[in-house]
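Heads up, the thing below is written out as structure tokens.
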Amino acid sequence: AAQVPIAQAPPAGPELAVSEQADFERAQGALAEGDFRGAADQFAAFVQAYPGGPLTGQAMYLRGTALESLGDLSNAARSYLDSFSGDPESTVAPDALFRLGVALGRLG
């Protein structure tokens, strides 16, 4: 399996909901432990709970990496696209666009 870059969450600040940082870190922990299904589900729940938040683009990107690790390239590609489209200036946007291209190439 390819090494998955783990996006770093920005420090908690006034833009973050009280539990937003903790929920993000919990999902990130599942990904780091290799619980790809759990991570994908937690990142999906995160995006629903905090739409448009400062970590949403990173959550969609990391959901894509979890789905890719599960072999679900179609949904991984969608997640990468959503990450890039939602915030094309984010720190993960270049990687999201690259991973989208790789996933689409593998899908044919």
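Since we're looking at a predicted model, the values are computed, not measured.
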Joint hydrophobic cluster, L70 plus V47, side-chain heavy atoms closer than 4.5 Å: no

Shared hydrophobic cluster, L81 / Y61 (ILVMFWY, side-chain heavy atoms < 4.5 Å): yes

Interatomic distance, M60 atom CE to F84 atom CZ [nearest 0.5 angstrom]: 12.0 Å

Residue pair A77 / L100: nearest heavy atoms and the distance that separates them: O-CD1, 3.3 Å

Between Y80 and S85, a side-chain donor and acceptor under 3.5 Å: no

Spatial distance of atom CZ (F43) from atom CG (D23) [nearest 0.5 Å]: 10.5 Å

hydrophobic_cluster_shared for V92 and F36, side chain cutoff 4.5 Å: yes

Closest non-hydrogen atom pair, G57 against S83: O-OG, 2.7 Å

Side chain to side chain, R26 and F46, heavy atoms closer than 4.5 Å: no

Test side-chain hydrogen bond (donor to acceptor under 3.5 Å, both in side chains) applied to S19 and Y50, step by step: CA-CA 10 Å; S19 61; Y50 310 104; 2.7 Å; yes

Q28 and L31, any side-chain heavy atoms less than 4.5 Å apart: no

Cluster check L73, F98: I/L/V/M/F/W/Y, side chain < 4.5 angstrom: no

R63 and E68 ion-paired at < 4.0 Å: no

Rounded distance [0.5 Å steps], CZ in F24 versus OG1 in T56: 9.5 Å

Cationic N near anionic O, under 4.0 Å, D82 to R78: no

D72 side, atom CG; S79 side, atom OG - distance, nearest 0.5 Å: 10.0 Å

Spacing of CG belonging to L67 relative to CG belonging to L62, to within rounding of 0.5 Å: 11.0 Å

Least distance between heavy atoms, A66 atom then A40 atom: CB-N, 3.9 Å

L55 CG to E25 CD distance, which is reported to the nearest 0.5 Å: 9.0 Å

